[in-house]
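Proteins come first, then strands; the chains are lettered A, B, ... in the order of their sequence lines, and each starts at number 1.
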2 protein chains.
Amino acid sequence: MFKALSNPHRLRIFKELSTRLAGQVINEPPEAIQNCQCKFAEHLDLAPSTVSHHFKELRQAGLIHMKREGKNVLFWVDDKATKALQALLTV
Amino acid sequence: MFKALSNPHRLRIFKELSTRLAGQVINEPPEAIQNCQCKFAEHLDLAPSTVSHHFKELRQAGLIHMKREGKNVLFWVDDKATKALQALLTV
DNA sequence: CAAGCGATTCGAAAGATTTCGAAGTCTAAA
DNA sequence: TTTAGACTTCGAAATCTTTCGAATCGCTTG
């Protein structure tokens, strides 16, 4: 977990997912959640393949979850991990 | 902070310092606290210079503090950091 | 079915970490 | 003052990460 969040880009992705999706239900349509990887690629100025790699790392660390929904992929943060990290991220 | 704890050896050092020194006063004699780097070097099977480097990283991340006390050096964990991380480390 | 969009996998290059030994610093005691 | 113990600093080598482009996969829609 620490390893996954030790990278600034991944920490940023996780924080944005955490705050943006706070309290949202998983089953909403993708348009409402607006978290496709390509947006992060633009925002972070990284290649799509690089962003994909970072998402994979976050997923393998158990920090986020992913689910294919049509041509996009949905993301949401792990509830336990979020609560455990909340104190840290808000300092 | 995440970067500092992303290394298994550093995480172990920090955890041991946290648990071993929990509630101890800083001004006790070094013998009572028993946390010289050389013990960690033995324990982790690393060269003294490597251990020194890891302690430096933890210090620069604000996770621990150091103070020269005679020929040894005293270590103790940062109180804020400990409390913030406690929830995570005990899971 | 073909085209297109978004995400993934792969290999390679660049960059960062980890580790060590050797030399150096600081302090306490002989 | 010299010796010894504990830590630090400084390269250098090995290893791991990050990043990209190219090729590929999965799904939707024209």
> If every non-hydrogen atom of B/Leu63 is compared with every non-hydrogen atom of B/Phe14, which pair is closest and at what distance?
Replying inline: O-CE1, 3.5 Å
> Between C/dA7, C/dC20, D/dC7, which one does the side chain of B/Val73 approach most closely?
Replying inline: D/dC7
>> Less than 4.5 Å apart, side chain to side chain, heavy atoms only: is that true for B/Asn7 and B/His54?
In response: yes
> Would you say the side chain of B/Arg10 lies within less than 4.5 Å of the side chain of B/Arg12, judging by non-hydrogen atoms?
Replying inline: no
>> So, does B/Thr50 get its side chain near the phosphate of C/dT19, meaning an N or O under 4.0 Å from OP1 or OP2?
In response: no
> Looking at the side chain of A/Lys56, which of C/dG6, C/dT9, D/dT9 is the nearest nucleotide?
Replying inline: C/dT9
>> Below 30° counts as parallel, above 60° as perpendicular, anything between as tilted: where do the rings of A/Phe2 and B/Phe2 land?
In response: tilted
> So which heavy atom on B/Ser52 is nearest to which on B/Gln37, and how close?
Replying inline: CA-OE1, 3.4 Å
>> Does any part of the side chain of B/Trp76, heavy atoms only, come nearer than 4.5 Å to the side chain of B/Ile64, both counted from C-beta?
In response: no
> In whole angstrom, what separates A/Lys67's NZ from C/dG6's C1'?
Replying inline: 18 Å
> What is the distance from atom CD of A/Glu16 to atom NE2 of A/His43, rounded to the nearest 0.5 Å?
Replying inline: 5.5 Å
> Would you say C/dA7 has OP1 or OP2 under 4.0 Å from some side-chain N or O of A/Ser52?
Replying inline: no
>> Whole angstroms only, please: what is the CD-P distance between B/Gln37 and C/dT25?
In response: 18 Å
>> Of the listed nucleotides (D/dT19, C/dT18, C/dT8), which one gets closest to any side-chain atom of A/Met66?
In response: C/dT8
> Rounded to the nearest Å, what distance is computed from the CG atom of residue A/Asp45 to the P atom of nucleotide D/dT18?
Replying inline: 17 Å
> In whole angstrom, what separates B/Leu74's CG from C/dT27's P?
Replying inline: 14 Å
Listing time: all N or O pairs from protein to nucleotides 10-17 of chain D that are below 3.5 Å?
residue : atom : partner : partner atom : Å
D/dT17  : OP1  : A/Lys3  : NZ           : 2.6

Quick one: which protein N/O atoms are closer than 3.5 Å to N/O atoms of nucleotides 25-30 of chain D? Pair and distance per line, please.
none

> Could you state the CD1-C1' distance from B/Ile13 to C/dT18, rounded to the nearest angstrom?
Replying inline: 13 Å
> How long is the line joining CZ of B/Phe55 and C1' of D/dT8, in whole Å?
Replying inline: 13 Å
> Roughly how many Å is it from CG in A/Leu46 to P in D/dG21, rounded to a whole number?
Replying inline: 11 Å
>> Tell me whether the side-chain N/O atoms of B/His54 come closer than 4.0 Å to OP1 or OP2 in C/dT19.
In response: yes
> What's the shortest heavy-atom distance between B/Asp78 and B/His65, and which atoms?
Replying inline: OD1-NE2, 2.8 Å
> Between C/dT19 atom C1' and B/Glu57 atom CD, what is the distance in whole Å?
Replying inline: 13 Å
>> Quick check: closest heavy atoms across A/His9 and A/Leu46, and the distance to 0.1 Å?
In response: ND1-CD1, 3.5 Å
